[in-house]
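Contents: one structure, followed by commentary.
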Amino acid sequence: MTSRITLELLRKRAEHNECQISTLEEISLHQQDLCRIELLDTACRDLKILYLQNNVIPKIENVTKLRKLEYINLALNNVTKVEGLDGCESLQKVDLTVRQKRWQDNIWNTAV
């Protein structure tokens, strides 16, 4: 059964930041059976580091507004498509190691 990113999950994972999600700079959402990147671009705009490894996410999406994002870890996911990284002005590294599915043709729909 897959899960979704919710405000409750974000608050739970923001314990180190007094459960304040709007000022979060780093969050770990690994091994949550997440099937989609969502809510982060509106709830956590100050994110710099995002750990999403070992989920079932097929597409990088909904990150355009994360302008401060420097690092996103999507290792051990099902990523076959990338969208919206052009808004991530500070992005330095995208970790897609050990993907569980093959790349689609032209995976990068935008400049990184």
Side-chain angles (χ1 to χ4, degrees):
M1 185 168 123
T2 58
S3 300
R4 301 201 52 181
I5 298 173
T6 63
L7 289 175
E8 181 181 344
L9 176 62
L10 293 175
R11 281 191 195 98
K12 181 180 174 185
R13 293 300 190 142
E15 291 174 346
H16 64 282
N17 198 45
E18 298 177 359
C19 298
Q20 296 295 314
I21 58 175
S22 63
T23 58
L24 268 180
E25 291 187 358
E26 179 177 330
I27 193 162
S28 181
L29 299 170
H30 65 283
Q31 296 178 319
Q32 298 293 308
D33 269 336
L34 299 173
C35 61
R36 187 168 187 217
I37 301 172
E38 57 190 340
L39 193 60
L40 298 172
D41 60 340
T42 55
C44 307
R45 288 200 176 177
D46 287 339
L47 276 181
K48 291 182 179 179
I49 300 171
L50 176 56
Y51 296 103
L52 288 165
Q53 67 270 26
N54 206 5
N55 284 292
V56 290
I57 299 169
K59 177 168 63 170
I60 297 177
E61 62 183 335
N62 301 319
V63 294
T64 303
K65 296 177 184 171
L66 298 177
R67 300 197 185 289
K68 297 179 183 179
L69 189 66
E70 297 173 2
Y71 175 72
I72 183 171
N73 186 327
L74 281 154
L76 296 166
N77 270 282
N78 297 328
V79 176
T80 58
K81 192 168 189 176
V82 177
E83 293 179 357
L85 289 180
D86 52 338
C88 302
E89 299 169 356
S90 302
L91 192 62
Q92 297 173 21
K93 184 173 181 181
V94 178
D95 187 343
L96 294 169
T97 55
V98 195
R99 286 179 350 279
Q100 297 171 2
K101 290 196 175 186
R102 295 178 141 204
W103 292 114
Q104 290 180 356
D105 290 337
N106 198 13
I107 183 172
W108 300 98
N109 285 344
T110 184
V112 177

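Note that the structure is predicted; figures quoted are calculated from it, not measured.
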Nearest atoms (heavy-atom pairs only) where Leu74 meets Leu52:
CD2-CB, 3.7 Å
Separation of Leu47 CG from Ile21 CD1 (nearest 0.5 Å):
10.0 Å
Could you pull out the closest heavy-atom pair between Pro58 and Cys35, with the gap in Å?
CD-O, 3.2 Å
Verify side chain to side chain contact (heavy atoms under 4.5 Å, CB included) between Gln53 and Asp95, making sure each step is shown before the conclusion.
CA-CA 9 Å; Gln53 67 270 26; Asp95 187 343; over 6 Å; no
Minimum-distance pair of heavy atoms, taken over all atoms of Cys44 and Leu10
SG-CD1, 4.0 Å
Do Val94 and Ile60 make a side-chain contact, defined as non-hydrogen atoms from C-beta onward lying under 4.5 Å apart?
yes
Under 3.5 Å donor-acceptor, Asn55 side chain and Gln32 backbone:
yes
Nearest non-hydrogen partners of Arg67 and Gly87, listed with the distance:
NH1-O, 3.3 Å
Out of curiosity, Arg45 CZ to Lys68 NZ, how far, rounded to the nearest 0.5 Å?
11.0 Å
Hydrophobic clusters here meaning ILVMFWY residues chained together by side-chain heavy-atom distances under 4.5 Å, can you tell me if Leu69 and Leu96 are in one?
yes
Let me confirm one number: the NZ-CD distance from Lys48 to Glu25, rounded to the nearest 0.5 Å.
4.0 Å
Do you know the tightest heavy-atom contact between Asp41 and Lys65?
O-CB, 3.6 Å
Is Leu40 close to Asn62 at the side-chain level, that is, under 4.5 Å between some pair of heavy atoms?
no
For Leu24 and Asp46: C-alpha separation, side-chain torsions, deciding distance, then whether side chain to side chain contact (heavy atoms under 4.5 Å, CB included) applies.
CA-CA 6 Å; Leu24 268 180; Asp46 287 339; over 6 Å; no
For Ser28 and Tyr51, indicate whether the former's side chain and the latter's backbone hold a donor-acceptor pair under 3.5 Å.
no
Looking at side-chain heavy atoms only, is the closest gap between Ile72 and Leu66 below 4.5 Å?
no
Just by modelled atom types, is the Val56 backbone N or O under 3.5 Å from a matching donor or acceptor in the Asn77 side chain?
yes
ILVMFWY cluster, Tyr71 and Leu85 together (side-chain gap under 4.5 Å):
no
Can you check whether Leu34 reaches Leu9 side chain to side chain, under 4.5 Å on heavy atoms?
yes
Polar side-chain atom of Thr2 near backbone of Asp33 as donor-acceptor pair, under 3.5 Å
no
How long is the straight-line distance from NZ of Lys93 back to CD1 of Ile49, given to the nearest 0.5 Å?
11.5 Å
For the residue pair Lys59 and Ile37, what are the closest heavy atoms and their distance?
O-CD1, 4.1 Å
